[in-house]
Amino acid sequence: MIVVDSKVSYPEKVNVEGLESKWSRLWEEAKIYRFDGSAPKQRIYSIDTPPPTVSGSLHIGHVFSYTHCDIVARYKRMQGFEIFYPMGFDDNGVPTERRVQNYYGVRCDPTLPYVPNFSSSDLTGKEVVALSRQNFIELCNELTQKDEQVFEDLWRKLGLSVDWSITYTTVGQTARLISQSYFVRGVLKGEIYSLDSPTLWDVDFQTAISQAELEDREVEGTYNRVRFYFEDGTPLEIETSRPELIPACVGVVVNPEDERYKGIVGKVVYSPLFEVPLTVFTHPLADPNKGTGAAMVSTFGDLTDVTWWRELSLPLRNIVNRDGRLVKEIRFDEENWPSRDPATAQGFYEALALRTTKQARETVVQLLKDNGHLSGDPKKIRHVVKFYEKGERPLEVVTSRQWYVKTLVHKDDLLRRGLELNFIPSSMRVRYENWVRGLNADWNISRQRYFGIPIPTWYEVGADGEVLYDRPIVPKETQLPIDPQVDTPEGYTESQRNQPFGFTADPDVMDTWATSSLTPFIAIASASDRVDLDRCFPMDLRPQGQDIIRTWLFYSVLRSELEYKTLPWENTLISGFVLDPDRKKMSKSKGNVVTPMPLIEKFGADALRYWSAYGRPGVDTAADESQMKAGRRLAIKIGNASKFVLAVTSLQKKGDEEALRPRSLIPIDKDMLLALKECIEQATDAMDAYEYTRSLELIEDFFWGYCDNYIELVKVRAYGEDDAQKSREGSLSARYTLLKSLSILLRAFAPFQPYITEEVWSWWQHGSIHRAPWPLGKEIDFILGDTSQTKSKGSYELASTVLSEIRKAKSSAKVSMKTAVKELIFEADDSLASVFETIRGDVIHAGVVKEVKTLTGDYRVQVELDLA
RNA sequence: GGGCGCUUAGCUCAGUUGGUUAGAGCAAUUGCCUUACAAGCAAUAGGUCGAGGGUUCGAGUCCCCCAGCGCCCA
């Protein structure tokens with residue numbers, strides 16, 4: 001245990017500086033937060049800690065939400081639970097790739113060969129260097145390790161009671177093993193499948209993305225009214241914002257209710273410039289009020305096109321490459337592009353080949369204009385277009401083979417799980433439900449990126465060297481983790497890679513959420529030396545931000561449902577955002593991001609935790625230095641009050657306060673303890689409901705009153721300077737009560753202010769306060785002993801009120817608090833008067849009262865000062 | 001367009017199931033070197049609870065409607 005010296009000692013002057021480094025080191029050495037996996041399941045409280053994105057910059061929001069969770073962890077630990085409290089680092093995926101690209105000035109080119117012994121110090125940073133996939137990945141690993149250290153330093157300084165012997169990263173070996181295992185299991189169960197189909201595609205990131213990564217943005221566009229032609233040359237006008245997709249046209253749709261077009265349904269029109277015949281269909285999604293009411297269907301301009309293409313069984317005419325440029329060549333004389341004038345079509349297309357969609361759009365508009373196919377002038381419009389949340393160009397729809405996790409068929413089950421999950425605050429459940437109800441596609445988990453966990457699959461290669469995607473080679477779970485680009489499937493030799501009748505690797509990596517959704521399992525696997533799923537799963541708590549309910553929370557619920565038909569945890573604690581001091585959202589571009597380390601240095605970790613604790617679950621909170629200042633003051637106050645209590649009680653040996661136990665307690669001491677008991681019970685109830693703010697409020701409120709009133713009232717008695725004959729009994733009662741109440745208050749503050757409470761605890765107690773029991777009502781009952789005495793009821797409150805009256809009188813007379821009260825008149829009914837008698841002595845001392853007159857009548861306190 | 005949340009003192013926020021005179025911290029003001037604490041303490045002032053309507057003996061709290069702000073989803 002931490003402290004060996006058993007003498008009670010406290011400093012001359014209370015100092016809150018430097019507690020963080022002192023205690024975080026001692027806690028680590030004494031393994032205070034080490035998880036004991038041998039505990040039975042009921043005694044384990046397990047937390048699915050959010051792994052922070054290490055490539056992101058540290059900001060005050062990290063302090064905020066992680067403190068909320070830590071308060072809960074410390075509370076549960078003091079209640080006797082063994083806390084499974086791991087720490088992960090999210091270093092997986094695109095954010096890391098981007099950071100590495102920018103940090104080192106490199107880019108990944110998978111066609112390059114691996115350079116052994118390559119080091120980041122070889123990089124000058126002057127020009128962008130192309131690296132092989134493997135070299136690039138090594139740089140990612142190098143940088144994330146640096147980044148992780150920065151986070152760990154902050155967490156330790158903040159006093160998170162994480163068990164640092166249980167850590168993981170989301171690209172590490174354990175994460176690989178778990179992600180790939182659950183992938184393989186999903187494939188075998190048929191819950192994960194691959195499909196070649198239209199997919200939303202970011203042309204800059206060159207990857208498919210999922211529904212959760214989508215963002216709708218309103219952008220400027222142009223409507224062009226284009227003439228298509230019937231066989232006889234009559235035009236049919238169609239408005240489109242994407243004329244460059246005219247060569248990709250596969251049909252025309254009108255609304256079935258649209259009277260204007262009833263006569264043309266089933267007829268054929270020819271596309272302008274390219275002269276490809278297109279049939280007119282009806283479909284309810286064709287909006288009669290949009291443009292002319294007739295719409296062209298191309299493969300693919302957007303997701304509506306995909307719907308039309310599917311439901312009307314139209315042909316596929318892909319013209320957009322994955323890099324966002326139009327394909328090099330189209331043969332307009334072939335079956336798929338049966339132009340009635342192939343030569344002309346060919347000529348027009350040459351002007352478009354290999355251009356970006358944006359360039360091609362301008363060219364097509366010009367061509368349409370020149371050839372008289374444009375009706376009227378193009379119209380500027382604002383319309384909603386889908387973007388990748390991290391992307392800058394609108395998404396394209398390209399056809400590609402991707403792996404999917406089934407979600408749509410599980411919607412109802414997932415909604416039911418949502419009802420079982422305790423959302424804190426409960427209003428957050430709606431966000432989950434809205435998301436689940438709005439799902440319209442299965443979850444695409446393959447990403448065409450480099451830094452990530454490989455999809456653990458190969459494919460057979462056919463006789464002509466073609467990849468047989470419908471014949472995936474899925475490894476056995478025991479072979480995992482693998483990298484299919486390096487490892488060889490069972491039954492093959494490496495020489496057969498990419499050869500006819502051989503095999504080829506799936507080049508893709510998994511969506512980061514496909515890994516992050518498994519954090520409960522990764523965390524438990526990281527502590528496999530101590531614990532397993534049987535005792536740690538389902539977990540108790542998932543703390544997380546409100547912004548990732550549709551991703552992290554949802555996907556985690558999904559994976560747990562697919563694999564175990566259960567929730568991954570019982571409770572989820574949702575934190576709000578931290579806003580800048582002006583209540584604006586913090587963002588790098590605004591330059592208003594508040595970084596935590598300088599604040600910790602300025603106010604102390606306890607102070608930042610205090611501010612954090614005043615942010616209720618789910619409530620956005622401003623970074624408010626005045627609140628941090630208040631937290632610092634509280635820490636100092638705790639130190640000073642403790643110093644006083646220890647000074648006055650003359651306790652000699654640590655942990656020896658029972659030796660001071662008097663035969664009985666003075667009424668006001670009892671009454672204060674009863675009030676403390678009520679406070680603690682309410683604070684406990686609040687903690688059990690995860691209302692840590694309410695809990696702190698109750699404890700803090702009691703504590704300030706305790707300092708201002710109780711300590712002042714019993715001060716003289718505790719010093720033993722009372723000249724009454726009951727002196728000894730009175731001072732014993734005060735000292736014992738002070739010590740016991742201090743112990744309780746310190747423990748109640750411990751989850752919120754772990755540093756100052758531990759520091760103070762070490763002055764007079766053995767062991768860490770963070771392994772001491774959370775105070776309970778029955779503990780106070782024991783201190784009280786016989787509680788039958790009724791005289792004490794209300795005496796603490798009455799004494800505080802009278803003392804306050806005396807202070808008010810002195811303050812309004814602008815005199816020192818030492819000024820004597822010439823006469824205090826207390827008028828009340830008999831029962832209140834008898835309560836007053838029990839506090840008379842303490843009030844006289846605390847208020848410096850010369851004479852007290854008690855009268856029977858209506859309640860009245862009158863203070864007459866001695867202003868001579 | 002749909003949903004959720006917010007609007008209370010100069011600022012940041014509490015306000016339980018409707019119930020005395022709406023609370024706290026910070027800031028402000030006036031004082032106090034008081035042997036735990038001047039990095040402190042005491043006291044004072046400050047609010048027609050976003051607007052309007054309704055239910056009720058009684059509304060910051062419940063209902064309706066409107067406005068502004070924030071977030072989520074289309």
Side-chain angles (χ1 to χ4, degrees), chain A residues 10-17 211-212 214-218 303 384 386 423 425-440 545-551 574 576-577 579 581-585 602-604 607 610-611 614-616 618-649 682 685-686 689 691 693-694 696-698 700-701 704-709 711-712 715-716 718-719 721 738 742 760 803-819 846-848:
Chain A
Y10 49 88
E12 205 44 44
K13 181 147 177 70
V14 172
N15 186 11
V16 298
E17 312 300 332
Q211 192 182 347
L214 286 181
E215 202 170 272
D216 284 345
R217 293 186 205 160
E218 201 181 84
L303 292 177
V384 173
K386 291 195 186 308
F423 281 84
S426 58
S427 57
M428 290 293 169
R429 178 177 292 112
V430 182
R431 300 213 189 173
Y432 172 86
E433 288 173 343
N434 284 347
W435 178 251
V436 176
R437 291 205 180 96
L439 283 171
N440 55 30
Q546 52 177 311
D547 50 332
I548 47 176
I549 290 175
R550 65 175 172 161
T551 49
I574 309 285
F577 290 127
L579 309 171
D582 300 323
R583 282 202 68 79
K584 297 264 158 46
K585 204 171 166 180
K602 186 168 172 193
F603 298 106
Y610 174 92
W611 160 75
Y614 268 96
R616 299 174 138 71
V619 177
D620 293 350
T621 302
D624 182 359
E625 290 204 7
S626 72
Q627 196 69 4
M628 298 171 197
K629 216 166 104 188
R632 182 181 166 81
R633 249 189 281 248
L634 175 63
I636 293 169
K637 191 79 173 176
I638 289 172
N640 279 314
S642 304
K643 190 184 98 180
F644 167 77
V645 171
L646 293 180
V648 92
T649 47
Q682 285 181 20
D685 288 348
E691 291 172 7
T693 306
R694 176 81 189 126
L696 173 58
E697 222 169 56
L698 285 161
E700 194 191 1
D701 188 55
W704 285 107
Y706 174 86
C707 290
D708 296 345
N709 299 320
I711 288 183
E712 292 303 328
K715 194 176 253 178
V716 172
Y719 273 130
E721 289 166 12
L738 282 168
L742 176 67
V760 167
L803 190 56
S804 176
E805 287 295 331
I806 293 171
R807 281 195 198 113
K808 199 186 286 188
K810 290 178 182 177
S811 191
S812 58
K814 300 187 177 182
V815 295
S816 156
M817 290 295 147
K818 280 197 305 194
T819 309
V848 200

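Order of the sequence lines sets the chain letters (A, B, ...), proteins ahead of strands, with each chain counted from 1. Note that this is a predicted model, so its numbers are computed, not measured.
Remark: Lys629(A) is not in phosphate contact with C26(B), judged by side-chain N or O atoms under 4.0 Å from OP1 or OP2. Taking 4.0 angstrom as the limit, Gln627(A) places none of its side-chain polar atoms (N or O) nearer than this to OP1 or OP2 of A27(B). Regarding contacts with the backbone of A43(B), a side-chain N or O of Ser804(A) is found under 4.0 angstrom from either OP1 or OP2.
With hydrogens and angles ignored, the 3.5 Å screen pairs a side-chain donor or acceptor of Arg550(A) with a backbone N or O of Ala212(A).
Ala686(A) meets the side-chain contact (heavy atoms from CB on, under 4.5 Å) test with Glu691(A), Arg694(A), Ser695(A); sequence neighbours excluded. Residues forming a salt bridge (Lys or Arg N to Asp or Glu O under 4.0 Å) with Glu218(A) (at least two apart in sequence, or on another chain): Arg382(A).
Listed by first residue number, the stems of RNA chain B with at least three Watson-Crick or G-U pairs below 3.5 Å are B:1-7 with B:67-73, B:10-13 with B:23-26, B:28-32 with B:40-44, B:52-54 with B:62-64.
Donor-acceptor pairing under 3.5 Å is lacking for the side chains of Glu697(A) and Tyr614(A).
No side-chain heavy atom of Pro425(A) sits less than 4.5 Å from a side-chain heavy atom of Arg616(A). The closest side-chain heavy-atom distance from Leu303(A) to Lys386(A) is below 4.5 Å. Counting heavy atoms from C-beta outward, Ile711(A) and Leu738(A) have side chains that approach closer than 4.5 Å. Between Tyr10(A) and Val760(A) the shortest side-chain heavy-atom distance does not fall below 4.5 Å.
Pairs passing the salt bridge (Lys or Arg N to Asp or Glu O under 4.0 Å) check and including a residue from residues 620-637 of chain A, sequence neighbours excluded, read Glu17(A)-Arg632(A), Lys602(A)-Glu625(A).
At the heavy-atom level, Asp216(A) lies under 4.0 Å from base atoms of the strands shown. Across all strands, Ser812(A) comes closer than 4.0 Å to no nucleic acid atom at all (heavy-atom distances). Nucleic acid contact for Glu697(A): sugar-phosphate only, since backbone atoms but no base atoms lie under 4.0 Å from a heavy atom of the residue. Across all strands, Ala641(A) comes closer than 4.0 Å to base atoms (heavy-atom distances).
Of the charged side-chain nitrogens involved, at least one lies within less than 4.0 Å of a carboxylate oxygen, so that Arg217(A) and Glu215(A) count as a salt-bridged pair.
Between Val815(A) and Lys643(A), the residue anchored nearer the 5' end of RNA chain B, judged by the nucleotide with its closest heavy atom, is Val815(A). Between Ser811(A) and Tyr610(A), the residue anchored closer to the 5' end of RNA chain B is Tyr610(A), taking for each the nucleotide with the nearest heavy atom.
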Check nucleotides 18-22 of chain B for protein N or O atoms closer than 3.5 Å to its own N or O atoms and list the pairs.
none

Using a cutoff of under 3.5 Å, can you pull out all pairs of nitrogen or oxygen atoms linking the protein to nucleotides 38-41 of chain B, with atom names and distances?
residue : atom : partner   : partner atom : Å
A39(B)  : N1   : Arg632(A) : NH2          : 3.1
A39(B)  : N3   : Arg632(A) : NH2          : 3.3
G40(B)  : OP1  : Arg633(A) : NE           : 3.1
G40(B)  : OP1  : Arg633(A) : NH1          : 2.8
G40(B)  : OP2  : Arg633(A) : NH1          : 3.0
C41(B)  : OP1  : Lys637(A) : NZ           : 2.9

